[in-house]
Every structure is written in C-alpha cells, then in structure tokens.
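Scroll down for the structure; my scribbles are underneath it.
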Amino acid sequence: QVQLVESGGGLVQPGGSLRLSCAASGSIRVIATMRWYRQAPGKQRGLVAAITSGGNTNYVDSVKGRFTISRDNAKNTVYLQMNSLKPEDTAVYYCNADVRVPGTVRYGDYWGQGTQVTVSS
C-alpha cells in the first residue's frame with residue numbers, strides 16, 4: 001500500500017520558519033493533488049494548502065502570503081514552507097494525497113501520520 005511520511009516539524013518562535021516535507025512511497029502509478037491539513041488540540045482538521053500535479057495551488061486565507069506549497073514529482077514529495085509563523089499555526093500537520101495504484105482505475109485518498117508544529121515564545 002501507499003505510505004505518506006511527514007517530517008520537518010518542531011518548535012519555533014513566532015516569526016520563525018519551518019519547512020515540512022511529505023514523501024510518498026509504495027505501489028504508486030500516479031499522484032494527483034497533494035495537500036496539507038492541520039489540526040490543533042480541540043479543533044477540527046482543516047485544509048491548509050493544496051497543489052495539483054500541474055502545480056496549481058490554493059491556500060486557506062489565514063496562511064496566504066506566509067506559506068508556500070510545492071512538490072517534486074520525481075521524488076513523490078510535497079513540501080510546505082512556513083514563514084512568519086504565529087502561535088495560532090500550532091497544530092499537527094498532515095499530508096494527504098490522491099494516489100492511483102496498480103490494479104485500480106480510481107484515485108484513493110491517503111494520509112500521513114502527522115508532524116507536530118509548535119509556535120511559542
């Protein structure tokens with residue numbers, strides 16, 4: 001099966017930066033849209049950013065101008081560059097991808113295990 005593994009989380013001060021990575025591995029034919037979600041304690045999981053296979057992007061309003069999503073298709077990896085971090089960005093960040101695997105004609109929805117981002121001074 002497909003595995004998505006996030007990395008790059010940690011503790012940063014307000015105004016600092018982090019770069020998250022999510023690498024997909026396993027039995028993969030095609031990866032379409034890749035996304036970053038986040039979930040803070042006691043809150044619902046919400047979409048942060050998305051990027052299509054062609055490089056089109058969209059962002060939740062609260063991170064526009066601060067976060068940048070990108071991908072390296074050769075490495076099956078999606079990134080989230082987070083600048084000007086705020087305490088309200090503190091959450092577990094999850095990678096999500098639409099992946100077509102051998103033996104199926106449809107895209108499946110796959111999730112990583114999450115990586116913790118804490119913004120605090």
Residue pair T90 / V119: nearest heavy atoms and the distance that separates them = OG1-N, 2.9 Å
Between Y59 and A49 the two heavy atoms that sit nearest each other are CD2-CB, 3.5 Å
Euclidean distance, E88 CD relative to K43 NZ, rounded to 0.5 Å | 8.0 Å
Gap separating the CG atom of N58 from the CD1 atom of I69, nearest 0.5 angstrom | 8.0 Å
Hey, could you give me the CD/CZ distance between Q44 and R38, rounded to the nearest 0.5 Å?
-> 14.0 Å
For R100 and V105, the nearest pair of non-hydrogen atoms, with its separation, is NH2-O, 3.2 Å
Measure across A24 and L4 and return the closest heavy-atom pair with its distance rounded to 0.1 Å.
-> CB-CD2, 3.2 Å
Could you give the side-chain donor-acceptor pairs of residues 10-20 under 3.5 Å, partners two or more places apart or in another chain?
from	atom 1	to	atom 2	distance (Å)
S17	OG	N83	OD1	2.9
R19	NH1	Q81	OE1	3.4

Has R71 got its NZ or CZ under 6.0 Å from the middle of the six-membered ring of Y79, at an angle within 45 degrees of the ring axis?
-> no
Are M34 and Y94 co-members of a hydrophobic cluster defined by side-chain heavy atoms under 4.5 Å apart?
-> no
Looking only at heavy atoms, what is the nearest atom pair of T33 and A50, with distance?
-> CG2-CB, 4.2 Å
So, for T104 and R29, which heavy atoms are closest and what is the spacing to 0.1 Å?
-> O-NH1, 3.6 Å
Distance in Å, N76 CG paired with S25 OG, rounded so as to fall on 0.5 Å steps = 8.5 Å
Any chance you could pull the hydrophobic cluster mates of Y107, using side-chain heavy atoms under 4.5 angstrom and chaining through other members?
-> V30
According to the disulfide bond (SG atoms under 2.5 Å apart) rule, which pairs have a member within residues 18-114, sequence neighbours left out?
-> C22-C95
Identify whether the distance between the nearest side-chain nitrogen and carboxylate oxygen of K64 and D61 falls below 4.0 Å.
-> yes
Within 45° of the six-membered ring axis of W111 and under 6.0 Å from that ring's centre, is NZ or CZ of R35 located there?
-> no
Centres of the W36 and F67 rings: under 6.0 Å?
-> no
